[in-house]
Protein chains: 2
Amino acid sequence: MGTVTKALELLDLFTRARPVIGLSDLARLADLNKATCYRLATELTDYGLIEQVGSTKEYRLGPAVLRLAALREFHVPTRDAAMPVLQALADETGETAHLSLLIGRDLKAIALAYSSAHATRVMMEDTEILPFHATSSGQAVLAFQPDSIREIILGQALPRLTPHTITDPAEIRARLATVRTEGFAESTGGFEADVHSLAVPLFDALGRCSGGLAVAAPKGRVTDRSRAQIRAALARAGNEITTLWGGSLPPAIATLWRTAA
Amino acid sequence: MGTVTKALELLDLFTRARPVIGLSDLARLADLNKATCYRLATELTDYGLIEQVGSTKEYRLGPAVLRLAALREFHVPTRDAAMPVLQALADETGETAHLSLLIGRDLKAIALAYSSAHATRVMMEDTEILPFHATSSGQAVLAFQPDSIREIILGQALPRLTPHTITDPAEIRARLATVRTEGFAESTGGFEADVHSLAVPLFDALGRCSGGLAVAAPKGRVTDRSRAQIRAALARAGNEITTLWGGSLPPAIATLWRTAA
DNA sequence: ACCATCGGTTCGAATAATGAACCAGCCAAG
DNA sequence: CTTGGCTGGTTCATTATTCGAACCGATGGT
């Protein structure tokens with residue numbers, strides 16, 4: 001593994017639940033020698049990807065990420081464009097909506113929107129990496145990947161995260177086929193017990209499925225009626241975001257979503 | 001210089017004016033061997049900081065920056081918090097407003113807002129790094145840095161970017177003293193000929209000056225009246241953003257701005 | 001006074017980065 | 001259809017950089 005990758009992996013240690021990390025912790029979490037970790041952290045700090053805060057000298061993500069994101073949004077409006085749609089989706093369904101993107105080999109959440117309709121809502125605090133096999137977003141995205149990529153992912157370990165997580169590759173393949181014929185993915189308690197979620201795939205300008213859009217609700221609140229409503233809202237929002245991204249839906253999906261919405 | 005820094009410097013080659021870069025160009029621009037550049041680019045690509053687009057395989061900034069920025073904004077709302085104020089500043093003054101942050105040893109623009117009041121407006125296309133000596137933002141920020149940092153920066157080369165650029169360190173030091181007593185920095189044609197700009201410093205929660213806020217207008221459109229209006233708007237906006245950042249103004253500045261607004 | 005931990009530093013050994021030369025593929029000019 | 005100059009990508013021996021055990025001074029709790 002290259003030095004650059006090692007340095008960048010430090011960035012992944014920062015999460016919503018753990019936004020600041022001291023040098024020793026950083027080294028422990030990254031399984032790196034403290035000296036090595038210090039050098040890498042110093043280089044990241046010099047560039048501004050992380051910064052040291054206050055007298056304790058702990059690290060957190062730095063201002064450089066803002067500049068890079070602003071530049072990317074200028075050229076390829078992704079998050080900014082999708083944000084209002086995401087919030088509208090949360091408002092319309094009364095549940096938590098989130099948007100995820102395929103980054104490297106992982107599916108990562110990049111935006112959340114909450115609804116204030118209910119006092120209890122699904123929070124997604126420390127959820128950056130969405131496991132493909134255990135989440136509806138993951139299944140929605142996986143269903144529309146090329147066979148080669150899908151098989152690489154299904155060949156990896158598929159940890160049982162809850163008693164309801166599906167871990168059999170064959171069973172997952174069957175579900176993905178269903179996702180393709182229905183245009184929606186559904187997961188109940190596979191990632192977090194008591195959370196139901198529905199998701200749709202999103203497509204970029206080259207027709208590749210590059211992300212997912214999901215609505216997560218407490219299991220007990222989901223009825224046949226609300227499921228249908230969420231599906232309709234997801235279809236509309238998925239269509240809208242894909243359009244905003246300059247993408248185009250596979251014709252089969254477009255047809256399926258039209259009937260849902 | 002470390003490998004990580006070299007890799008990260010590749011990211012700086014992407015600008016608004018040059019958002020996609022091929023491998024050979026990237027190597028040339030970075031003054032790196034093509035093989036080296038390729039390895040670094042591959043590592044950045046694997047992480048998602050850059051991505052290859054289409055059949056031409058050119059590189060552009062990748063989706064990972066969005067995730068990192070979302071995480072940082074969650075913990076330290078900076079850009080998101082300032083954005084509406086920035087737009088209001090542009091609307092109120094009828095000119096281009098921009099926000100810059102001290103990142104590493106450079107001052108970099110992270111957000112722009114345009115006004116639709118006039119057909120001609122100052123565009124800031126390829127302006128990521130704002131030279132301290134030649135811009136009003138730079139002078140505003142430099143004026144409030146600790147002596148040690150200020151002297152390091154003034155000790156560097158101060159290129160003459162236009163016929164009106166001030167390049168004499170002594171003269172700059174004098175202007176910075178004025179900035180401190182007035183609470184505003186002003187530059188006319190020092191960075192781009194025919195552009196007038198006014199700026200104020202911004203302060204973070206630790207009382208450090210960590211950025212600048214500026215309004216840039218075509219030189220010919222600036223009158224005594226509009227200058228006063230811009231200063232008043234800048235004072236209000238600077239105050240507001242500093243507050244949003246949980247920062248506090250140095251008492252001297254607070255007093256100065258109160259009289260302007 | 002003690003011990004553990006913190007951020008940061010040192011220096012020889014070990015490893016990873018480097019770059020000249022080399023592919024194959026593409027495209028436009030001759 | 002050949003030539004030549006470009007592209008993105010690859011190889012491998014040389015070498016410069018990274019690595020990590022041990023060490024430092026400071027801090028904080030017992």
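Each chain gets a letter, A, B and so on, in the order the sequences are listed, and its residues count up from 1. All values derive from a computational prediction rather than experimental measurement.
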For nucleotides 6-10 of chain C, list the nitrogen or oxygen atoms of the protein found under 3.5 Å from its nitrogen or oxygen atoms, one pair per line.
unit_1, atom_1, unit_2, atom_2, d
C:dC6, OP1, A:R28, NH2, 3.0
C:dG7, OP1, A:L23, N, 2.8
C:dG7, OP2, A:S24, N, 2.7
C:dG7, OP2, A:S24, OG, 2.6
C:dG7, N7, A:K34, NZ, 3.3
C:dG7, O6, A:K34, NZ, 3.3
C:dG8, OP2, A:Q52, NE2, 3.4
C:dG8, OP2, A:Y59, OH, 3.2
C:dG8, N7, A:K34, NZ, 3.4
C:dG8, O6, A:K34, NZ, 2.4
C:dT9, OP2, A:Y38, OH, 2.6

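For residues 238-257 of chain B, no residue pair satisfies the salt bridge (Lys or Arg N to Asp or Glu O under 4.0 Å) rule, not counting sequence neighbours. Counting only residues at least two apart or in different chains, salt bridge (Lys or Arg N to Asp or Glu O under 4.0 Å) contacts with residues 150-159 of chain B comprise B:D147-B:R150, B:E151-B:R173.
In this structure, the separation between CH2 on A:W257 and CG on A:L249 is 5.0 Å, given to the nearest 0.5 Å.
Checked against side chain to side chain contact (heavy atoms under 4.5 Å, CB included), A:A185 has the following partners two or more places apart in sequence or in another chain: A:S136, A:Q139, A:A140, A:V179. For A:P131, the side chain to side chain contact (heavy atoms under 4.5 Å, CB included) partners are A:H133, A:A134, A:T135, A:L161, A:F191, not counting sequence neighbours. Residues satisfying the side chain to side chain contact (heavy atoms under 4.5 Å, CB included) test with B:A81, not counting sequence neighbours, are B:P77, B:L244. In terms of the side chain to side chain donor-acceptor pair (under 3.5 Å) criterion, A:D80 has no residue partners (sequence neighbours excluded). With sequence neighbours left out, the ring-ring contact (aromatic ring centres under 6.0 Å, His included) criterion links A:F203 to A:F144. When the ring-ring contact (aromatic ring centres under 6.0 Å, His included) test is applied to B:Y38, no partner is found at least two apart in sequence or on another chain. Applying the side chain to side chain contact (heavy atoms under 4.5 Å, CB included) test to B:T3 and every residue at least two apart in sequence or in another chain returns A:V4, B:L40.
Following rounding to the nearest Å, B:L44 (CG) and D:dG8 (C1') show an atom-to-atom distance of 17 Å. In this structure, CG of A:L32 is placed 7 Å from P of D:dG20, rounded to the nearest angstrom. Per the geometry, CZ belonging to B:R39 stands 11 Å off P belonging to D:dT18, to the nearest Å.
Between D:dT18 and A:T36, no contact under 4.0 Å exists linking OP1 or OP2 to a side-chain N or O.
In this structure, the helix from C:dA1-D:dT30 to C:dG30-D:dC1 shows an angle of 40° between the axis at its start and the axis at its end, each fitted on 5 base pairs and rounded to 10°.
Within a heavy-atom distance below 4.0 Å of DNA chain C, the residues of residues 1-12 of chain B found are B:T3, B:K6.
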